[in-house]
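Reviewing the structure listed below.
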Amino acid sequence: MDWKWEGSAQKTESRAPQEHEIALDSPGEDGVSESFQLLQIDVGCERWEQEALPTGSATWCSKNVQRKQRHWEKIVAAKKSKRKQEKERRKANRVENPGIYPQHSKRFLRSLIKERLLEAKHSGPRLCIDLTMTNHMSKKELSRLAGQIRRLYGSNKKADRPFWICLTGFTTDSPLYEECLRMNDGFSSYLLDITEEDCFSLFPLETLVYLTPDSEHALENVDLDTVYILGGLVDESIQKKVTLHKAQEHSVKTARLPIQEYMVKCQNGKNYHSAILTINQVFDILSTYFETQNWPEALKKGVSSRKGYVLQNSVE
């Protein structure tokens, strides 16, 4: 049976009228042709209505899809509401406490930190981390040292009067450098000096003070004319006087933090007392003292009670 389609070449017209213009060449077959024509019209109309509806129409979605869609819309609406409430809360806090919540953008704060660090390079106190003793450290010890460097740098960024940090004896092909890149986001863009030279050849020896807990001399002050050295050593076997002997080999002055002068041993269950601190803890003490000129306040920040020491006035 031949079918004749009228107006099929007109693409701009809708498909529904085309279906209605279907005609049969054999008018004698009235019953079959009429039924078939009605069926063809119904199918065409259904197809046209489906294409006319938008893609995400709920009419053609199953109940399960509609339920998931409503659930997702509720989640999105809740998140928007929460963000709006948090924004309003921060705004109210800034109004009530303008000193605690300064109205500065993150870009401005980053620029301010960068300016302070670069200024410290020319006029601030200097601190060297001696990394020439890492060759025999284990992977675990290197990871701990990399974490301490990250925390030290983070504290320095927050300081109102930051130090200029120099990592000496530090090669870019060393396991420690790889560990720093792995553990510290943005390590390659840290605002500090990295050099393969050791601190003893980088600065005049008379300007150096090696900070070691085994020194006989207590540190009295932090001044701008002195370069302070911290030994980048994480030794779980606790080898004693390593940094002291190294300073003595180069005839460099040594000093220890004045823990004995301002703190006393306290009783604890393990009877444990140690003045050995991580490099970031030592730096927190130096940085706090440089800003406050107060040793008790500085020592309280860096020496935790787990070390077995407390300030004298807290005992009295």
| query | In Å, rounded to the nearest 0.5 Å, how long is the span from OG1 of T254 to CD of E216? | reply | 7.5 Å
| field | Heavy-atom neighbours of E86 CD exceed 12 at 6.0 Å | value | yes
| For C128 and V227, which heavy atoms make the closest approach, and how far apart are they? | SG-CG1, 3.7 Å
| Backbone of K241 reached by a side-chain donor or acceptor of H245 within 3.5 Å | yes
| message | Less than 3.5 Å apart, any donor N or O on the side chain of E179 or S143 sitting next to an acceptor on the other? | response | yes
| Non-hydrogen side-chain atoms of L202 and T195 separated by less than 4.5 Å | yes
| query | Considering only heavy atoms from C-beta outward, does the side chain of Y289 approach that of E297 to under 4.5 Å? | reply | no
| field | Test item: S111 side-chain N/O and R107 main-chain N/O as donor-acceptor pair under 3.5 Å | value | no
| task | Please test S62 against N64 for side chain to side chain donor-acceptor pair (under 3.5 Å), starting from the C-alpha separation and ending with a verdict. | result | CA-CA 5 Å; S62 65; N64 188 38; 5.5 Å; no
| query | Would a 4.5 Å heavy-atom cut-off, applied to side chains only, mark L219 and L286 as touching? | reply | yes
| Are T226 and D223 linked by a side-chain donor-acceptor pair shorter than 3.5 Å? | yes
| query | CE/M137 to CG/L131 distance, rounded to the nearest 0.5 angstrom? | reply | 9.0 Å
| request: Check C199 against I229 and note the closest heavy-atom contact, atom names and distance. | output: SG-CD1, 3.6 Å
| field | Side-chain heavy-atom pair V76, K79 within 4.5 angstrom cut-off | value | no
| Non-hydrogen atoms of V234 and Q148 that approach each other most closely | CG2-NE2, 3.6 Å
| Does I165 belong to the same Ile/Leu/Val/Met/Phe/Trp/Tyr cluster as M183, with side-chain heavy atoms less than 4.5 Å apart forming each link? | no
| Lys/Arg N to Asp/Glu carboxylate O, E73 vs R70, below 4.0 Å | no
| field | Polar side-chain atom of S189 near backbone of G186 as donor-acceptor pair, under 3.5 Å | value | yes
| said: Please list all pairs meeting side-chain hydrogen bond (donor to acceptor under 3.5 Å, both in side chains) that have one or both residues in residues 156-170, counting only residues at least two apart or in different chains. | reply: W164-D193
| According to a 4.5 Å side-chain heavy-atom criterion applied to Ile, Leu, Val, Met, Phe, Trp and Tyr, with indirect links allowed, do F200 and L244 form part of one hydrophobic cluster? | no
| query | If you measure from CG on L118 to CZ on R116, what distance do you get to the nearest 0.5 Å? | reply | 12.5 Å
| Residues forming a salt bridge (charged side-chain N to carboxylate O under 4.0 Å, His left out) with R256, sequence neighbours excluded | E261
| query | Is the backbone N or O of P204 less than 3.5 Å from a side-chain atom of T207, with the two atoms forming a donor-acceptor pair by type? | reply | yes
| said: Please give me the minimum heavy-atom distance between P125 and P162, naming the atom from each residue. | reply: CD-O, 3.9 Å
| request: Kindly determine whether W295 and I285 satisfy side-chain contact (heavy atoms from CB on, under 4.5 Å), including the steps that lead there. | output: CA-CA 8 Å; W295 277 118; I285 295 173; 3.9 Å; yes
| said: Whether the side chain of Q281 engages the backbone of T278 through a donor-acceptor N/O pair (distance < 3.5 Å, no angle test) should be reported. | reply: yes
| query | Is it true that atom CG of N221 has more than 12 heavy atoms of other residues, nucleotides or ligands lying nearer than 6.0 Å? | reply | yes
| task | Using a 4.5 Å cut-off on heavy atoms from C-beta on, say whether the side chain of W72 contacts that of R67. | result | no
| query | Does a side-chain heavy-atom distance below 4.5 Å link S155 with N280? | reply | no
| task | Using side-chain contact (heavy atoms from CB on, under 4.5 Å) as the criterion, point out the one residue from D284, L211, L230, L257 that pairs with L277. | result | L257
| said: With no hydrogens and no angle check, just 3.5 Å: does a side-chain donor-acceptor pair link Y153 and N184? | reply: no
| request: May I ask you to check whether over 12 heavy atoms, not counting those of E206, lie within 6.0 Å of atom CD? | output: yes
| said: Parallel, tilted or perpendicular: which one describes the rings of F187 and Y177, with boundaries at 30° and 60°? | reply: perpendicular
| message | Pair I279, L145 - check side-chain contact (heavy atoms from CB on, under 4.5 Å), show working. | response | CA-CA 8 Å; I279 61 173; L145 180 57; 3.9 Å; yes
| message | ring-ring contact (aromatic ring centres under 6.0 Å, His included) for F283 and F163? Distances and angles first, verdict last. | response | CA-CA 9 Å; F283 175 77; F163 283 58; 5.4 Å; yes
| query | Rounded to the nearest 0.5 Å, how far does NE2 of H217 lie from OG1 of T212? | reply | 11.5 Å
| Is there a path from L224 to L205 through hydrophobic residues (I, L, V, M, F, W, Y) whose side chains come within less than 4.5 Å of each other? | yes
| So, does E141 use its side chain to make a donor-acceptor pair with the main chain of S138 at under 3.5 Å? | yes
| E197 atom CD, neighbour heavy-atom count above 12 within 6.0 Å | yes
| Any side-chain heavy-atom pair of L152 and I129 under 4.5 Å | yes
| query | Do T134 and L142 have side-chain heavy atoms sitting under 4.5 Å apart? | reply | yes
| request: Apply side-chain contact (heavy atoms from CB on, under 4.5 Å) to the pair K84 and K80, showing each step before the final yes or no. | output: CA-CA 6 Å; K84 184 177 180 180; K80 288 183 179 180; over 6 Å; no
| After noting the C-alpha distance and the side-chain angles of I149 and C180, does the key distance pass the side-chain contact (heavy atoms from CB on, under 4.5 Å) rule? | CA-CA 8 Å; I149 293 174; C180 286; 4.2 Å; yes
| task | Taking S81 for its side chain and A77 for its backbone only, find out whether a donor-acceptor pair lies under 3.5 Å. | result | no
| When rounded to the nearest 0.5 angstrom, what is the spacing between CZ in F170 and CG in D198? | 15.0 Å
| Gap separating the OH atom of Y210 from the NE2 atom of H250, nearest 0.5 angstrom | 9.5 Å
